[in-house]
Amino acid sequence: MEKICKSYERKQVLFNVTASIPIGKVTCIMAPSGKGKTTLLKILMGLEKADKGNIFGLENLKKSVVFQENRLLEHLNPVTNIRFANHQLEIPKIVQAMNKVGLSECTSLPVRDLSGGMKRRVAILRALLADYDILFMDEPFIGLDNKIKIKVIEDIRDRSKGYTVLFVTHDLREAKLMETENYIYLT
């Protein structure tokens, strides 16, 4: 990305952001709250347009996303929610993935009956088990207690090894646990 700029109602959120995202590596966008992390991610995903600047190399990539909000279908169970991102996934593979992140007890419950942390793990698995070239994650560990967060981060690292991962956080500890190799700092 070269010289990405974005303003909202005369408030400059991003100014001349230039960075590269290495293929097959983990990159973290870091900044304090309100400094444009989510805006930059949305621009890179193609959900928003930059006011100025250029982005190269993302056009033909299959993208998978963990948004800040879970965006789950509340009346469906976790297995069905996860299959929404990849209809070819076999149910035993989904159940195995759910077991790995502590969701073995809720495979058939409607998502509306799950705790916030459980919903978050379903949203993460939905993105991880999709067919993608690049994985975007916006504050993916919100609502997870420390023990579960570590288990989920280990699972993300295992499943995304060799893929391009771009995630947003303000927590340096999360970035280190994700074995981040590239950082984009917004000021």
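Taking CD from Glu105 and CE from Met98, the interatomic distance works out to 10.0 Å, rounded to the nearest 0.5 Å. For the atom pair Thr187 OG1 and Met30 CE, the distance stands at 13.5 Å (nearest 0.5 Å). Distance check, rounded to the nearest 0.5 Å: CZ of Arg121 to NZ of Lys149 gives 13.0 Å. How far NE2 of His170 is from CG of Leu186: 14.0 Å, rounded to the nearest 0.5 Å. One distance of note links NZ of Lys35 with CG of Leu40; it measures 14.5 Å at 0.5 Å rounding. The distance from the CZ atom of Phe136 to the OG1 atom of Thr164 is 9.0 Å, given to the nearest 0.5 Å.
The closest side-chain heavy-atom distance from Met137 to Met178 is below 4.5 Å. When side chains are defined from C-beta on, Met118 counts as touching Leu103, because their heavy atoms get closer than 4.5 Å. For the pair His75 and Arg112, the minimum side-chain heavy-atom distance is below 4.5 Å. Side-chain atoms of Ile43 and Lys49, non-hydrogen and from C-beta on, never get closer than 4.5 Å to each other. Contact annotation: the side chain of Ile4 never approaches that of Asp51 to less than 4.5 Å [non-hydrogen atoms, C-beta and beyond]. In this structure, Ile184 and Cys28 have side chains that are not in contact, with every pair of non-hydrogen atoms separated by 4.5 Å or more. For the pair Leu177/Phe141, no side-chain contact is recorded, criterion being any heavy-atom separation below 4.5 Å from C-beta on. Taking 4.5 Å as the limit, some side-chain heavy atom of Leu128 sits within range of a side-chain heavy atom of Ile156.
In terms of heavy atoms, Asn146 sits closest to Arg173 at OD1-NH1, 3.0 Å. Thr107 approaches Val79 most closely through the heavy-atom pair O-CG2, 3.7 Å. The two residues Asn99 and Ser104 come nearest to each other via the heavy atoms OD1-CB, 2.8 Å. Pairing each heavy atom of Glu59 with each of Ile55, the nearest pair is OE2-O, 3.7 Å. The heavy-atom pair separating Val111 from Lys119 by the smallest distance is O-CE, 3.1 Å. Heavy atoms only, all atoms of each residue included: Ser64 and Ala127 are closest at OG-O, 2.8 Å.
The backbone N or O of Leu72 lies less than 3.5 Å from no partner atom in the side chain of Asn81, so there is not a single donor-acceptor pair. When atom types are taken as modelled, the side chain of Arg126 and the backbone of Asn70 share a donor-acceptor pair closer than 3.5 angstrom. At distances below 3.5 Å, at least one donor-acceptor pair connects side-chain atoms of Thr180 with backbone N or O atoms of Ala175. With Lys52 contributing its side chain and Cys5 its backbone, the two residues share no donor-acceptor pair below 3.5 Å. No donor-acceptor pair closer than 3.5 Å links the side chain of Lys63 to the backbone N or O of Leu135. A donor-acceptor contact shorter than 3.5 Å is absent between the side chain of Asn182 and the backbone of Lys25. No donor-acceptor pair under 3.5 Å is formed between the side chain of Thr27 and the backbone N or O of Ile21. Side-chain N or O atoms of Arg120 include one that pairs as donor or acceptor with a backbone N or O of Gln68 at under 3.5 Å. In this structure, Gln12 contributes its side chain and Leu14 its backbone to a donor-acceptor pair below 3.5 Å. Within the 3.5 Å criterion, the main-chain N or O of Asp171 finds a donor-acceptor partner in the side chain of Thr169.
In this structure, Asp155 pairs ionically with Arg159, as a charged nitrogen and a carboxylate oxygen lie closer than 4.0 Å. Salt bridge status for Asp158 with Lys100: present, with a side-chain N to carboxylate O gap under 4.0 Å. At a threshold of 4.0 Å, the pair Lys11-Glu9 does not count as salt-bridged, since none of the basic side-chain nitrogens sits closer than that to a carboxylate oxygen.
Counting only N and O atoms by type, the side chains of Asn77 and Ser108 include no donor and acceptor under 3.5 Å apart. Side-chain polar atoms of Thr18 and Glu2 form no donor-acceptor pair below 3.5 angstrom. Between Thr39 and Glu48, the side chains place no donor N or O within less than 3.5 Å of an acceptor N or O (distance only, hydrogens not considered).
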Decide yes or no on side chain to side chain contact (heavy atoms under 4.5 Å, CB included) for Glu181 and Val26, but give the supporting numbers first.
CA-CA 6 Å; Glu181 298 179 49; Val26 177; 5.5 Å; no
Using the side chain to side chain contact (heavy atoms under 4.5 Å, CB included) rule, take Asn86 and Leu89 through it: C-alpha gap first, then chi angles, then the decisive distance, then the call.
CA-CA 6 Å; Asn86 184 348; Leu89 273 175; 3.8 Å; yes
Show, in sequence, the C-alpha distance, side-chain angles and deciding distance for Ile29 and Phe167, and conclude whether the side chain to side chain contact (heavy atoms under 4.5 Å, CB included) test is met.
CA-CA 6 Å; Ile29 301 172; Phe167 79 106; over 6 Å; no
Start with the C-alpha distance between Asn54 and Met1, add both sets of side-chain angles, then the distance that settles side chain to side chain contact (heavy atoms under 4.5 Å, CB included), and finish with yes or no.
CA-CA 6 Å; Asn54 297 301; Met1 65 191 100; over 6 Å; no
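Heavy-atom neighbours of Phe84 CZ from other residues, nucleotides or ligands within 6.0 Å: at or below the threshold of 12. Environment of NZ in Lys42: sparse, with no more than 12 heavy atoms of neighbouring residues, nucleotides or ligands closer than 6.0 Å.
Ring geometry, Tyr132 versus Tyr163: the interplanar angle falls from 30° to 60°, so the pair is classed tilted.
Both Val13 and Val17 belong to a common hydrophobic cluster when Ile, Leu, Val, Met, Phe, Trp and Tyr are linked at side-chain heavy-atom distances under 4.5 angstrom. Tracing side-chain contacts under 4.5 Å through hydrophobic residues (I, L, V, M, F, W, Y), one reaches Leu166 starting from Met45; they form part of the same cluster. The hydrophobic clustering, which links ILVMFWY residues whose side-chain heavy atoms are closer than 4.5 Å, places Leu61 and Leu47 together. When the side chains of ILVMFWY residues are joined at heavy-atom separations under 4.5 Å, either directly or via intervening members, Val65 and Ile82 end up in two distinct hydrophobic clusters. Follow the hydrophobic side-chain contacts under 4.5 Å out from Val95 and you reach Leu109 in the same cluster.
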